[in-house]
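Just so we're on the same page: letters track the sequence lines, and every chain starts at 1. Every value quoted in this text rests on a predicted model; they were computed, and no experiment measured them.
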Amino acid sequence: MSSSRRQYPFHLIEPKWQQFWDEQQTFRAFNPGEALPDGHPFARRHNLSGKVAATQLPPKFYILDMFPYPSGAGLHVGHPEGYTATDILARYKRAQGLHVLHPMGWDAFGLPAEQYAVKTGQHPRNTTEANIATFKRQIQSLGFSYDWSRELATTDPDYFRWTQWIFLKLYNSWFNPEKNKAEPIETLKYPAELENVGQASSLSQTSKKNGDRQDACPTNELESRRRAYRDSKRLAYVSEQPVWWCEQLGTVLANEEVVDGKSEVGGFPVVRKPMRQWMLRITAYAEKLLADLDTIDWTDSLKEMQRNWIGRSEGAEVKFQISNSESQITVFTTRPDTLFGATYMVLSPEHKLVDEWLKDDGIPSEWPTGTPEEWKGGKDTPYDAIWAYGLCAAAKSDLDRTALAKEKTGVWTGVYAINPVNGEKIPIWIADYVLASYGTGAIMAVPAHDERDFEFAKKFGLGIPRVVIPAEEEIYAIAEKSYRNQGLSQQEKQLWEAHVELNNRQNAVDVIEPFCLPGISCNSSNEEVSLNGLYSSDAKQKITAWLEGKNLGKRTINYKLRDWLFSRQRYWGEPFPIIWKRDAGGNLYHEALPESSLPLLPPTLEDYKPTSDGQPPLARAKEWLNLPDGSVRETNTMPQWAGSCWYYLRYLDAKNSNAFVSKEAESYWMGTAGRESRVESREPDSGLPSSLVPRPSTPGVDLYVGGTEHAVLHLLYARFWHKVLFDLGHVSTPEPFFKLVNQGLILGEDGQKMSKSRGNVVNPDDILKEFGADAFRLYEMFLGPLEMVKPWNTKGVEGVYRFLGRVWRLFVDEASETEFEQAQTTAKEQGSKQLLNLIKLNSAIKDVPATPAQLKTLHACIKKVTEDLEGLRFNTAISAMMVFVNDAITWETKPVSVLREFLVLLAPFAPHIAEELWEKLSTGHSPQSTVHSPQPARTGDSGLRTGDSLSYARWPKFDPALLVESEIEIPVQVNGKLRVVIKVPANATQADLETAAKNSIEVKPFIDGKTIKKIIVVPKKLVNIVAV
RNA sequence: GCCGGUGUGGCGAAAUGGCAGACGCACAGGACUUAAAAUCCUGGGACCGUAAAAAGUCGUGUGGGUUCGAGUCCCACCACCGGCACCA
């Protein structure tokens, strides 16, 4: 392969233009108030100079890639897929006259660098910096139009200083349910018993007072209770909950980082362990995170994933009195209408009542007489049974507990509860099919109408009384449908089965198949309330109202979403700006460091392992750890997600040392500055159909492209932080990412996921060396639709590479190229770009008017490429350009004006070759000549000069008039089958078409001797003759 | 199990309900060449035909339906991919 002749000298062209763009800062974006450099092509294109206010700048377009974690392995071909797509769009939008922000940075904290440090003792910063350098070199070699002046790394103290700052905002805020937003913690009202009567001391004062008021014991007591209350309300709080501890990684993990009972990174076993952890109160935002999905332009599947993750469900909490006891058990249920069918209850093994019973003896010392053997779990007393079952559950991995086919297990506690609606005594069980972490960790079991409860009840011989039956109307509808032989859905089949069972077993109380759909309540009444005859939705309302009236329950909404476990026992992450102190009573409490102390740097260590007593590595740095006043630093660090939660905001103002982003930059780039006044009017004749005219700036990032692997975590966390910042007035939009697209995975040539172990990894460096960056970019896009999963095929790169070769030959003179080649072999070591000057323009390129046919070819291409770019259909846009070139290469005379506009279309996709040919065209021919002569606006104010990059050249517009055909081909069908294609004038009437079709020789045999029943004529499309 | 996505030539793919397979890869034949590479031209869904054509039939995962007309819309099913999964 390497022996084959180069299609064109990309090895000289690509570095030449990359250097040019870099030197000219071609792709810098400018913040409001920033001075535009003299002669910058952006300034010239828009007739701007000096310091420019937000209102004078063109509308913004913020196009963002998910920044990469710079791993040691370097880039693989999957990374540049999204980057190429965004780069093409960035260049396209620039050509359209928008002010494009297109930045790149590094998500550089993370485990691999730390693990390497543990092994080698090398500071993770060194590895990280080396990896960033590799990634940056590789990314830059692809010619992406990033504004590198805004580059950032999450590991940079100037960056994580603000990550810590945002953490302090979270720490110092609470969620006010009345206003439905976060507020500074100072606005928190204390419950009456904690009101600090007569002493209006503020928080900061009290903490300083520690030393001098030792005698004020009651105050201290009150203060510490107030502090505890306050701390329990913060958006960042400390919790002792059980967490996933991974021994091998030496850290706890978030729920989201545990997959199938193993760590997502490394696949090591994890166990539940109670530890003191920092949590972020993301659950307070569950409703907003869910509701606001409707305001953003994401794919349905992505929104659906987030909805499922948040997992909202409406239902009721119901209190059950425990028999012979003061205590109550509260359960959450989505089917309060089935309350009359509850025949037992289940507590999760971790339920706090279980602990109480084991400690304080709320359970009978003996099994009640007549207890079935299988209820006892093989133990002699309830105590032993509960104890043993709890141990057993704790030992099980998550995988074991949630295994699908697993048979349900459980033990009876010997205790009964009272069903509040009918006073029945129902047994309370402990079983691990009830999760401690969802709802209240306890359920009422309605075996007749819940699969799981049914399975359990059958195994242990518990009652399964029916309290819901299918609604008659629904059954009628199904009967009718099945009579008409229409297929039935799963639900309809279930309804039907339940109906059949009911008919066959009229008198049976217990059901033999659970019925879990809504229906009509039965057997559900007491002296005060009856649900009988009501449909489930109505029954729910009625029973909930009754329960509320008796203070036995209330309507509730529950979420699957848990609070975010935010601390890690690692070195290579942001340290928490938090210190720990003891109050006079000896209670440990935490306090935030002042903002002025940021950034809080991690200490330098020799050894990056956790301490021998299981403390995080930061605890090794004694001097760092212990402060002179006796307080101690927090030794946890933040998770990798922290830095990626807000990086898109830092790009807006990456060098600002006074704020995480300035108000002006934020409101301009996030699209909320002067929205009313700045409705698009800058480019009056952009030539696009109205649907394609650039919209007024959208709120937030205009387009965010990245992999599906971040569908839930990163995208949910980032939305959460953004909403907090919004509530606190630090950003001006409620959502960060207006439009989001997931690029599909690129598989190896064998159709398998690329991985080292399969040996099917394609290294972009190799492709670049052989075919060049432009061919690589083109191929990544030509592969198929952006969102699809698709296999790589290096042969396919050759195809687009050949296309670029044809483009090259369309423009250059072959004889001069031979000269260039010879010069290149003799003057090898120079290999200089000066040699490119030897290559002359093709002599067929002339400054002549284009023929109508040529214009048609060009404008068809402009139309297709423009529309496809708007719809992110890069693959078909490329094929349109191939069609153009295949045609243009046959022209004897090639008008400069046509080729020039074609280059503008090609430039976003293959910018290097486009720039080179543009330059040749400009030096060889007047840059003023364009396709349309009567267009002073075009040539006059673009401000571009010979020698300017074509990056700011105007995107051509297509003229529909040029695409009109004089004669068109119309397919003629008889009875839906194609018989002939006839040629008619484009303006033929329906009657003309009909006559022409009927008279066609090819059609005659199919209609002769038949009656023509109907003729369908679709103007400009087709004729269909129906004849029998 | 639930949710979402995808099924079209040898391969990647394209087609506002209106000529299925644009564009590209691979392949075959030809031109150029001493030869090869590169380049250029030509061909191509399957079947049935034929010396070669033409004509004809079938064809977008499977089975139904709507329609003058379905890859496209509706219903059911199958396969593969991704996500969630005892969430009460």
Give none if B/C84 has no partner; otherwise give the nucleotide forming a Watson-Crick or G-U wobble pair with it, both distances under 3.5 Å. B/G1
Rounded off to whole Å, could you give me the CG-to-P distance for the A/D750 and B/G12 pair? 13 Å
More than 12 foreign heavy atoms under 6.0 Å from NZ of A/K303: is that the case here? yes
For B/G44 and B/A55, measure between their P atoms and round to the nearest Å. 13 Å
Who is the Watson-Crick or G-U wobble partner of B/C40, with both distances under 3.5 Å? B/G30
For A/L783, report the nucleic acid contact type (base, sugar-phosphate, nothing); a contact means any heavy atom under 4.0 Å. sugar-phosphate
In whole Å, I'd like the distance from the CG atom of A/L339 to the C1' atom of B/A88. 13 Å
When you measure only distances, ignoring hydrogens and angles, does the side chain of A/K1013 come within 3.5 Å of the base of B/C68 through a donor and an acceptor? no
Under 3.5 Å on both distances, the Watson-Crick or G-U partner of B/A79: B/U6
Within the 4.0 Å heavy-atom criterion, would you say A/V1026 contacts the bases, only the backbone, or no part of the nucleic acid? sugar-phosphate
Rounded off to whole Å, could you give me the CZ-to-C1' distance for the A/R555 and B/A88 pair? 17 Å
Of B/C86, B/C58, B/C25, the nucleotide closest to the side chain of A/N793 is B/C25
Please measure how far the C1' atom in B/A26 lies from the corresponding atom in B/C78, and state the result in whole Å. 31 Å
Is it the case that A/R6 places NZ or CZ above or below the six-membered ring of A/F10, under 6.0 angstrom from the centre and within 45 degrees of the axis? yes
For A/Q7 and B/U39, is the shortest distance between a side-chain N/O and OP1 or OP2 below 4.0 Å? yes
B/A37 P sits how many Å from A/R6 CZ, rounded? 20 Å
Please determine which of A/E780, A/M781, A/R777 meets the side-chain contact (heavy atoms from CB on, under 4.5 Å) test together with A/F874. A/M781
Protein-nucleotide distance (A/K790, atom NZ; B/A13, atom C1'), rounded to Å: 12 Å
Have a look at A/N1024 and say if it touches a base, only the backbone sugar-phosphate, or nothing, with a 4.0 Å heavy-atom cut-off. base
Before giving the answer on salt bridge (charged side-chain N to carboxylate O under 4.0 Å, His left out), spell out for A/E314 and A/R555 the whole-Å C-alpha distance, their side-chain angles and the decisive distance to 0.1 Å. CA-CA 8 Å; A/E314 285 185 32; A/R555 190 176 163 266; 3.2 Å; yes
Please pick, from B/C86, B/C3, B/A22, the nucleotide with the shortest atom-to-atom distance to any side-chain atom of A/N308. B/C3
Considering residues, nucleotides and ligands other than A/D294, do more than 12 of their heavy atoms fall under 6.0 Å from its CG? yes
What is the nucleic acid contact for A/Q973, judged by heavy atoms within less than 4.0 Å: base, sugar-phosphate only, or nothing? base
Nucleotide paired to B/U66 in any strand shown, Watson-Crick or G-U, under 3.5 Å: none
Which nucleotide wins on minimum distance to the side chain of A/M788, given the candidates B/G18, B/A26, B/U6? B/U6
Take atom CD1 of A/I970 and atom P of B/C19, then tell me their distance rounded to the nearest Å. 11 Å
Exceeds 12 heavy-atom contacts within 6.0 angstrom, atom CD of A/E814: no
So what does A/F1006 hit on the nucleic acid, given a heavy-atom distance under 4.0 Å: a base, only sugar-phosphate, or nothing? sugar-phosphate
First encountered from the 5' end of RNA chain B, between A/T708 and A/N975: A/N975
Which nucleotide in the set B/G12, B/A14, B/C86 lies at the smallest distance from any side-chain heavy atom of A/F782? B/G12
Any cation-pi pair here, A/K408 with A/Y433, using under 6.0 Å and within 45°? yes
Separation between the C1' atoms of B/A70 and B/C84, rounded to whole Å: 34 Å
Give me the distance, rounded to whole Å, that separates B/C2 from B/G12 when you measure between the C1' atoms they each carry. 33 Å
Which whole-number value in Å describes the distance from A/L978 CG to B/A15 P? 21 Å
Quick one: sort the A/F456 and A/Y344 rings into parallel, tilted or perpendicular, breaks at 30° and 60°. parallel
So what does A/R312 hit on the nucleic acid, given a heavy-atom distance under 4.0 Å: a base, only sugar-phosphate, or nothing? nothing
Mind checking the C1' distance from B/U72 to B/G65? Whole angstroms is fine. 15 Å
It should be established whether A/R873 places a side-chain nitrogen or oxygen under 4.0 Å from OP1 or OP2 of nucleotide B/A13. no
Remember a base hit wins even if backbone is also touched, and classify A/N875 as base, sugar-phosphate or nothing at under 4.0 Å, heavy atoms. sugar-phosphate
Grab the two heavy atoms, one from A/M66 and one from A/G707, that are nearest each other, plus how far apart they are. SD-N, 3.8 Å
Pick base, sugar-phosphate or nothing for A/V981, based on heavy-atom distances below 4.0 Å to the nucleic acid. base
In whole angstrom, give the distance that lies between atom CH2 of A/W298 and atom P of B/G5. 17 Å
If only side-chain N and O atoms of A/R809 are considered, is one of them under 4.0 Å from the OP1 or OP2 phosphate oxygen of B/C40? yes
Has A/S313 got a side-chain N or O lying under 4.0 Å from the OP1 or OP2 atom of B/A88? yes
Hey, does the side chain of A/R802 come within less than 4.0 Å of B/A26's phosphate (OP1/OP2), counting only N and O? yes
Let me know, please, whether A/R979 or A/T876 comes out on the 5' side of the other along RNA chain B by nearest nucleotide. A/T876
Sugar-phosphate, base or nothing in reach of A/R307, heavy atoms under 4.0 Å: nothing
Look at all strands and tell whether A/N886 reaches a base, only sugar-phosphate, or nothing, counting heavy atoms closer than 4.0 Å. sugar-phosphate
Watson-Crick or G-U wobble partner for B/U60, using a 3.5 Å limit on both distances? none
Taking any heavy-atom pair under 4.0 Å as a contact, classify A/S301: base, sugar-phosphate, or nothing. sugar-phosphate
Judged by whether its glycosidic angle lies within 90° of 0, B/G9 is syn
Taking B/C27 as the reference, what is the distance to B/C32 when you measure between their P atoms (whole Å, please)? 22 Å
Which of the following nucleotides, B/A26, B/C58, B/A88, is nearest to the side chain of A/T333? B/A88
Please measure how far the C1' atom in B/G69 lies from the corresponding atom in B/U16, and state the result in whole Å. 16 Å
What nucleotide among B/C3, B/A88, B/A26 has an atom nearest to a side-chain atom of A/K795? B/A26
Say we look at B/A52 and B/C47: how far apart would their P atoms be, to the nearest angstrom? 15 Å
Distance below 4.0 Å between A/K1014 side-chain N/O and B/C68 OP1 or OP2: yes
Do A/E867 and A/R873 meet the salt-bridge criterion of a basic N to acidic O distance under 4.0 Å? no
Under 3.5 Å for both donor-acceptor distances, Watson-Crick or wobble: does B/C23 have a partner, and if so which one? B/G12
